[in-house]
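For reference, the structure is listed below as structure tokens.
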Amino acid sequence: MAETVHTTAGTAVPATEHKEATAWGFNAGGWVAIAMLVVFAILIWKKVPGAIARSLDDRIATIRSQLDEARALREEAEALRKEYEQKAKSADKEAAAMIERAQAEAEAIVAKADTDAQALIERRTRMAEDKIAAEERAVIEGLRSAAADAATKAAARLIAERHDANADQALVDRSIGELADR
């Protein structure tokens with residue numbers, strides 16, 4: 001039974017069988033398979049899989065060395081970070097120690113200034129007291145000198161008023177007599 005194909009006009013046309021083209025008994029799919037086998041054979045004959053494997057091994061080795069280098073860099077960075085953290089901590093401790101020393105020095109300076117001020121006050125007080133005492137002595141000496149002068153003048157006046165030349169002569173004679181007895 002022959003197949004019929006219907007057209008758009010509604011008429012039936014008998015279908016014809018198409019034969020597939022072949023060459024030496026292989027159709028297009030067979031030739032593609034043969035070509036692929038030939039390509040694989042050439043690739044194996046030229047040792048392409050070994051070259052690809054070496055290339056991949058080289059790339060793997062390069063990546064491993066880069067990973068090792070990155071790991072070493074990371075460890076070095078960690079060591080540097082720890083070192084800088086320690087330096088920062090020691091810098092903080094050193095700053096605190098410097099502040100403590102500065103405060104202690106400031107307190108010592110204030111204490112020294114206080115003792116120096118007290119010593120200066122004591123010296124100035126002593127100097128003022130010595131000056132006052134010297135002035136008092138000078139005033140007392142002046143008063144004594146004035147009193148002695150006044151007493152001498154008063155005594156001279158009293159002697160002059162109460163003694164005359166005869167009383168003076170008797171006094172001088174008595175003094176000479178006392179000196180001779182000695």
Side-chain angles (χ1 to χ4, degrees), residues 1-140:
M1 202 175 192
E3 276 187 52
T4 57
V5 176
H6 295 287
T7 63
T8 57
T11 59
V13 177
T16 58
E17 259 184 64
H18 294 289
K19 285 197 169 193
E20 199 173 312
T22 61
W24 293 312
F26 294 110
N27 64 4
W31 283 108
V32 169
I34 292 172
M36 289 297 293
L37 287 174
V38 170
V39 167
F40 285 140
I42 291 172
L43 288 176
I44 291 171
W45 177 60
K46 291 291 188 176
K47 299 181 182 178
V48 171
I52 290 173
R54 276 192 305 279
S55 173
L56 289 175
D57 288 343
D58 291 344
R59 182 71 179 142
I60 288 170
T62 302
I63 291 171
R64 280 190 182 145
S65 70
Q66 288 175 346
L67 285 174
D68 290 341
E69 184 178 333
R71 192 174 300 115
L73 287 173
R74 182 171 185 246
E75 289 172 0
E76 184 178 330
E78 285 292 323
L80 284 173
R81 183 184 61 84
K82 287 179 184 177
E83 179 183 343
Y84 282 117
E85 284 177 354
Q86 290 174 349
K87 284 183 180 180
K89 287 178 184 176
S90 69
D92 290 342
K93 288 178 184 176
E94 188 173 319
M98 290 174 86
I99 289 171
E100 285 182 30
R101 281 195 305 269
Q103 287 175 342
E105 287 177 5
E107 290 172 1
I109 289 171
V110 167
K112 185 176 183 330
D114 188 39
T115 56
D116 288 349
Q118 290 297 328
L120 179 66
I121 290 170
E122 288 176 14
R123 270 196 320 270
R124 294 272 170 97
T125 303
R126 206 170 332 119
M127 286 173 51
E129 289 172 351
D130 290 346
K131 195 173 191 181
I132 290 170
E135 289 293 323
E136 285 176 351
R137 284 192 301 273
V139 168
I140 290 172

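Under the 4.0 Å criterion applied to side-chain N and carboxylate O atoms, Arg71 and Glu75 are not assigned as salt-bridge partners. Contact check on Glu83 versus Lys87 returns a salt bridge, with a Lys/Arg side-chain nitrogen under 4.0 Å from an Asp/Glu carboxylate oxygen. Salt-bridge formation is detected for the pair Arg81/Glu78: a Lys NZ or Arg NE/NH1/NH2 atom is positioned less than 4.0 Å from an Asp or Glu carboxylate oxygen.
Around CD of Glu69, the count of heavy atoms belonging to other residues, nucleotides or ligands within 6.0 Å does not exceed 12.
To the nearest 0.5 Å, atom CZ of residue Arg124 and atom CG of residue Leu120 are 4.5 Å apart. Between atom CD of residue Glu122 and atom OG1 of residue Thr125 there is a gap of 7.5 Å, rounded to the nearest 0.5 Å. One finds the CD atom of Glu105 at 11.0 Å from the CD atom of Glu107 (value rounded to the nearest 0.5 Å). Here CD1 of Ile63 is found 12.0 Å from CG of Asp68. Values are rounded to the nearest 0.5 Å. Rounded to the nearest 0.5 Å, atoms CZ (Arg64) and CG (Asp57) are 8.5 Å apart.
Gln86 places none of its side-chain heavy atoms less than 4.5 Å from the side chain of Lys89.
Although no hydrogens or angles enter the test, the distance criterion places no donor-acceptor pair under 3.5 Å between the side chain of Ser55 and the main chain of Ala51.
Among Asp114, Thr115, Asp116, the single residue meeting the side-chain hydrogen bond (donor to acceptor under 3.5 Å, both in side chains) criterion with Lys112 is Asp116. Put simply, the residue from Val38, Ile44, Val39 that forms a side chain to side chain contact (heavy atoms under 4.5 Å, CB included) with Ile42 is Val38.
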